[in-house]
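The structure under discussion appears below in the form of structure tokens.
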Amino acid sequence: MSYDPDYTVKWLTHKFILGADYIPSITDNFKLAVGPYGGYSRLKVKINDITGYSDKDSKNGWLIGTKIGGIYSFDKNNELEFGFKADKTNYGKMEFDSEEFNADNVKEINYGLYLGYNYKF
């Protein structure tokens, strides 16, 4: 048995983030990277149902997060950064024309692994 919902929900977020890292050396080539970050997030939600109803709402929220990871230096210019990040954003109440879709406290929680390459000039 499959479930086909009577509506679709699409959302889009834009985030502007600023953070600071504490990077103590563990060995000559390896450093620990921990730090908080925060910022502003904009959420846009659009709902369509099978009856033709369509509505949208957008909200702003403050993002707060943290990360922990490591930085491995290959030489004085090239580094590989990796770790775990987690953040949370609270957007508050979203209101649509149809009471069925209203939400009192919309939150977004993100977490996961990251991998990056740093080149120092």
Side-chain angles (χ1 to χ4, degrees):
M1 181 175 159
S2 67
Y3 174 72
D4 189 18
D6 294 338
Y7 57 89
T8 59
V9 178
K10 294 182 181 182
W11 67 90
L12 177 67
T13 58
H14 296 283
K15 298 178 181 183
F16 303 95
I17 299 171
L18 183 63
D21 293 338
Y22 175 63
I23 307 175
S25 292
I26 305 298
T27 66
D28 289 341
N29 292 348
F30 186 74
K31 298 175 186 173
L32 181 66
V34 296
Y37 59 93
Y40 164 83
S41 182
R42 176 114 174 122
L43 172 67
K44 295 180 181 182
V45 176
K46 184 175 182 181
I47 297 174
N48 296 305
D49 73 4
I50 60 172
T51 65
Y53 169 78
S54 179
D55 199 1
K56 57 186 174 181
D57 192 10
S58 59
K59 291 290 181 180
N60 302 321
W62 293 105
L63 177 142
I64 186 165
T66 187
K67 76 174 194 174
I68 184 167
I71 300 173
Y72 179 76
S73 297
F74 296 105
D75 56 35
K76 69 177 188 165
N77 297 89
N78 299 288
E79 303 177 325
L80 189 64
E81 183 174 349
F82 56 91
F84 180 80
K85 293 172 86 169
D87 60 60
K88 180 179 179 180
T89 308
N90 188 349
Y91 296 102
K93 185 174 186 174
M94 297 200 86
E95 296 182 17
F96 298 95
D97 291 336
S98 173
E99 290 291 324
E100 176 184 0
F101 300 111
N102 286 347
D104 286 336
N105 196 9
V106 177
K107 296 178 184 177
E108 178 183 12
I109 298 173
N110 296 301
Y111 57 90
L113 301 174
Y114 71 92
L115 177 66
Y117 169 78
N118 300 326
Y119 181 80
K120 295 191 264 181
F121 294 93

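Keep in mind that the numbers below use all heavy atoms, side chains included, and drop hydrogens, waters and symmetry copies. Position 1 is the first residue of the sequence, and the numbers go up from there.
When the options L43, N102, D104, I47 are evaluated for a side-chain contact (heavy atoms from CB on, under 4.5 Å) with M94, the one that passes is L43.
The environment of CG in N77 is crowded: more than 12 heavy-atom neighbours from other residues, nucleotides or ligands sit within 6.0 Å. Other residues, nucleotides and ligands place no more than 12 heavy atoms under 6.0 Å from the NZ atom of K46. No more than 12 heavy atoms of other residues, nucleotides or ligands lie within 6.0 Å of CD1 in I64, so this atom counts as exposed by the packing criterion.
The side chain to side chain donor-acceptor pair (under 3.5 Å) search around N60 returns Y40, R42, not counting sequence neighbours. The side chain to side chain donor-acceptor pair (under 3.5 Å) test applied to K31 returns no partner, not counting sequence neighbours. Judged as a side chain to side chain donor-acceptor pair (under 3.5 Å), and not counting sequence neighbours, S25 has no contacts.
When hydrophobic clusters are built by joining Ile, Leu, Val, Met, Phe, Trp and Tyr residues whose side-chain heavy atoms come closer than 4.5 Å, directly or via intermediates, Y37 is not grouped with Y22. Under the 4.5 Å side-chain contact rule for hydrophobic residues, L115 and Y117 do not share a cluster. A continuous path of Ile, Leu, Val, Met, Phe, Trp and Tyr side chains, each step under 4.5 Å between heavy atoms, connects I26 with I68, placing both in one hydrophobic cluster. By the rule that hydrophobic residues join a cluster once side-chain heavy atoms approach within less than 4.5 Å of another member, F74 and L32 end up as members of one cluster. Hydrophobic clustering (ILVMFWY, side-chain heavy atoms < 4.5 Å, transitive): Y111 and V106 are in distinct clusters.
Taking CZ from F82 and OH from Y72, the interatomic distance works out to 10.5 Å, rounded to the nearest 0.5 Å. To the nearest 0.5 Å, atom NZ of residue K93 and atom CG of residue D57 are 11.0 Å apart. To the nearest 0.5 Å, atom CD of residue E79 and atom CG of residue N29 are 10.0 Å apart. Note that CG of N110 is 10.0 Å distant from NZ of K85, once rounded to the nearest 0.5 Å.
Cation-pi contact between K59 and Y91: absent, since separation from the ring centre below 6.0 Å together with deviation from the ring axis within 45° is not met.
Listed here is the closest heavy atom pair of L80 and G116: CD1-O, 3.4 Å. Scanning both residues, E81 and N118, for their nearest heavy atoms gives OE1-ND2, 3.1 Å.
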Margin query: side chain to side chain donor-acceptor pair (under 3.5 Å), that's the test. Do N48 and S54 meet it? Break it down for me.
Written below: CA-CA 5 Å; N48 296 305; S54 179; 2.8 Å; yes

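Side-chain contact between N90 and W62 is absent, with no heavy-atom pair separated by less than 4.5 Å. Here the side chains of E108 and L63 are not in contact, with every heavy-atom distance at 4.5 Å or above. For the pair K56 and K44, the minimum side-chain heavy-atom distance is 4.5 Å or more.
Between the side chain of D21 and the backbone N or O of I23, no donor-acceptor pair lies under 3.5 Å.
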